[in-house]
There are 2 protein chains.
Amino acid sequence: MSTEPTRRGRKAAKTSPAASAAPAPAAAPVAPSRPPAAIADRAGMRQVADRAGVAMSSVSRVLSGHPDVSAAMRSRVMAAVEELGYEPNMLAQMLRKGATQTIGFVVGDISNPLLAQIALGAEVALRAAGYAMLLTNSVNQPNLDATHIRLLQQRRVDGLLLSLSDETNDQTIEALSATPTPSVLIDRDLRTRTEESAVLSDHAAGITQAVEHLVGLGHRRIALIAGSPHVRPTRERINALEEAVEAHPEVHAQVRPGAFTEVHGGAATRELLDGRRPPTAIIAGGNQILVGVLGELAARQVRIPDDISLVTCDDVPLAKFFTPTLATIGRDPYEMGAEAAALLLARFGGAEPGVITLPTSFTGGRSCAAPPRTAPPAQGERP
Amino acid sequence: MSTEPTRRGRKAAKTSPAASAAPAPAAAPVAPSRPPAAIADRAGMRQVADRAGVAMSSVSRVLSGHPDVSAAMRSRVMAAVEELGYEPNMLAQMLRKGATQTIGFVVGDISNPLLAQIALGAEVALRAAGYAMLLTNSVNQPNLDATHIRLLQQRRVDGLLLSLSDETNDQTIEALSATPTPSVLIDRDLRTRTEESAVLSDHAAGITQAVEHLVGLGHRRIALIAGSPHVRPTRERINALEEAVEAHPEVHAQVRPGAFTEVHGGAATRELLDGRRPPTAIIAGGNQILVGVLGELAARQVRIPDDISLVTCDDVPLAKFFTPTLATIGRDPYEMGAEAAALLLARFGGAEPGVITLPTSFTGGRSCAAPPRTAPPAQGERP
DNA sequence: CACTGTACTGGAACGGATTCCAGTACGAGA
DNA sequence: TCTCGTACTGGAATCCGTTCCAGTACAGTG
């Protein structure tokens, strides 16, 4: 807190208060905001038509590239358009055409770098196709998902990109059922529905590779601290871990789903280390969770990888300079966004809902090593 | 690349192909999409009026809470609304009222965590006030700023939040001048204009504190690797550094503006370390730059803080577990977003453009220590 | 009882474009 | 020369609410 927030008004732009004769055409006497529309009296298609001495329908045809237009007509209209600096009112077009060229993105929290990159990939691809993106953050409150779906629906978006906070929420399912627009799920799976397209990550592959790596190093007790059990990535990771250890009967797996938060990461770590069979390797299921895990490990002075090995999910840029370098199960979120956009655009083009699965891959790092000879000291027991 | 991307269609939802008698009311013979509008023939206000046996204007009054409505009228209308599941078409409302309840956010790159948090803060505040947020990424191409301002203008947004890629771009200034809607600059300063509100960070305070700290530790050669010279944060930081060292004639400051990229961070570090008077402390002006700096330092096996001290700007969550802990000039991006939203809402309420400055603060860390007795070896000279 | 005011309601214009339909004009073929 | 087709154009309906204006009915007052 170095500096107090400062509020100060700027001097108004106008220099002369109110005296100078306004060149505005016949301003209404005192009416403050009588005609609510026509903010800056921009020219409409009507004015263009009058100016060119043609019908509005002809102006519309010229502007929309209709074939039945003579060269003479085209040039007259274009001249009038130039002179008046006419720009069509998209609102009117939307109303008439019933399409807004807008899609809604429902996301838990855009400040999550993973989701931000997905949003970027999607926005760039959609904009290239002439669509704009409306963003809503559910701040990980499941009922807000439904609220936002309805809200975007009222705004008549043409499609929806959904990174839901909770796949099992009834309100969400209901809101989705009531939605006539095509939607794409982003790493989510609504088992009860098939109307939605989806972009998925192959979490199983990454987890399997990580487990094999850890087992190869000699680990026999592996824990996964996962996020919310109500979303696909968590389920997939848990399933994958359990399947992977089935192939190694000597390996014991523990799973701690909860939430994608630092708090859960810390709490689960504490629980695991204080437990009867503390793991020799932890897989952290997300950025925030990782922060919590690291915090708890640091507090206990548990060394990585000497005392415990660590793998994390979903890369963050700084991770590569972390000491020791973090073994990571990564994926390409930008591409996920781009693919989600492509899937949506395909639906606009008449395609059926589709599902696409993108790879994940495990990258080793110094944070993984052979487990210590003796289990790490289960210090920090409650008194 | 563990897994190939997989594309597979889902089975269509409908089980019976086309035989079953559609319960749809009097479907047009074969017409694929004749009436473009009325996607799902939802009831309009007209239908509600007919059903209730009243005029549309009365329905409108009831729904908009107009005072001149009898209780009888209200209940009749509400009943009809319920029965038909009527929802007003926001598009028509927007067109008529000339307000879209939508604001546009022009941002360089939403995947930058700083900007993502700003976006989150802004979106939450705006949504609470009934506004939706349209997001565009300029991917740090200055001309796209202008393009997007115009694009959002065409969509008739009520206001603009601007994190411009380049304050000096003529097209951007021009686009802004042609814009009738209120705008808020986010840590940007358009010296030629006073029409915009702005949320600023007090970068000077943070830099000054950092410099004092470094000088106190004994540093005499301090470098700032900054981002694009065309945005306010860079200018402010450079100015602050130069002013801060003026108070200490024995201190030599070097400045390397460039871009907010990892590449620039690395290149500038190389340049500085290979220079005649390599710095004993570096201030990295942003996340990406930091990554480049760290990369170069690691490549040269320059130790932090033994060989060189390091300060970074703009916190990232993982930074606190970085070894050594990073000294940071931080600020609260979420609040910046929230304040930007507040400033915009204030303008909608009739207020004049305003400027608010939020604090930054320096937090020390293990990455800063006394400079080495001898200047760090200027190894790595080009052959 | 007549008059004025109040409380409410209906009708219609409006916002700004799209698109169907009907028409005009002109060239070509019979 | 008449007819038909083609190429183009204008008019009007439409999308769906909002809001101004005029009007009705009834209560209150002189």
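Quick note on labels: first sequence line is chain A, next is B, and so on, each numbered from 1.
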| field | Over 12 foreign heavy atoms within 6.0 Å of CD, A/Q154 | value | yes
| said: If we count only N and O atoms by modelled type, under 3.5 Å, do the side chains of A/T172 and A/D145 hold a donor and an acceptor together? | reply: no
| Base D/dG17 paired with B/S60 side chain (donor-acceptor, <3.5 Å) | no
| In whole Å, what is the span from the CE atom of B/M73 to the P atom of D/dA25? | 15 Å
| said: How many whole angstroms separate atom CG of A/L91 from atom P of C/dC14? | reply: 19 Å
| message | Categorize A/V59 for me: base, sugar-phosphate, or nothing, with a 4.0 angstrom heavy-atom threshold over every strand shown. | response | nothing
| To the nearest Å, how far apart are A/N89 CG and D/dC15 C1'? | 13 Å
| task | Indicate, with a heavy-atom threshold strictly under 4.0 Å, whether B/E87 touches base, sugar-phosphate, or nothing. | result | sugar-phosphate
| request: Give a yes/no answer on whether the side chain of B/Q93 brings an N or O atom under 4.0 Å of OP1 or OP2 in D/dT18. | output: yes
| Atom pair distance, as rounded to whole Å: CG in B/L63 and P in D/dC16 | 16 Å
| message | Measure CG/A/L95 against C1'/D/dT14 and give the value in whole Å, please. | response | 9 Å
| message | Any donor-acceptor pair under 3.5 Å linking the side-chain atoms of A/T102 with those of B/R155? | response | yes
| said: From C-beta outward on A/D68, which listed nucleotide comes closest to its side chain: D/dG17, D/dG11, D/dC8? | reply: D/dC8
| Going by modelled atom types, is there a donor-acceptor pair between the base of D/dC16 and the side chain of B/R46 at under 3.5 Å? | no
| request: Mind calculating the distance between CG (B/D50) and C1' (C/dG10) to the nearest angstrom? | output: 13 Å
| message | Does B/M56 reach a base, just sugar-phosphate, or nothing at all? Heavy atoms under 4.0 Å. | response | base
| query | How many Å lie between CD on B/Q101 and C1' on D/dG17, as a whole number? | reply | 15 Å
| said: Under 3.5 Å, is there any donor-acceptor pair linking the side chain of B/R61 to the base of C/dG10? | reply: yes
| message | Nearest heavy atom decides the nucleotide; on that basis, is B/R156 or B/A55 closer to the 5' end of DNA chain C? | response | B/A55
| request: To the nearest Å, give me how far apart CE (A/M90) and P (C/dA17) are. | output: 12 Å
| query | To the side chain of A/M45, which of D/dT9, D/dG17, C/dA17 is closest? | reply | C/dA17
| Do the side-chain N and O atoms of A/R193 and A/S177 include a donor-acceptor pair separated by under 3.5 angstrom? | yes
| field | Nearest-0.5 Å distance that lies between atom CD1 in A/I173 and atom OG1 in A/T192 | value | 4.5 Å
| message | By nearest atom, which of the nucleotides C/dA17, C/dT18, C/dC14 is closest to the A/A92 side chain? | response | C/dA17
| Quick one: the side chain of B/S57 and the base of C/dG10, do they pair up donor-acceptor inside 3.5 Å? | yes
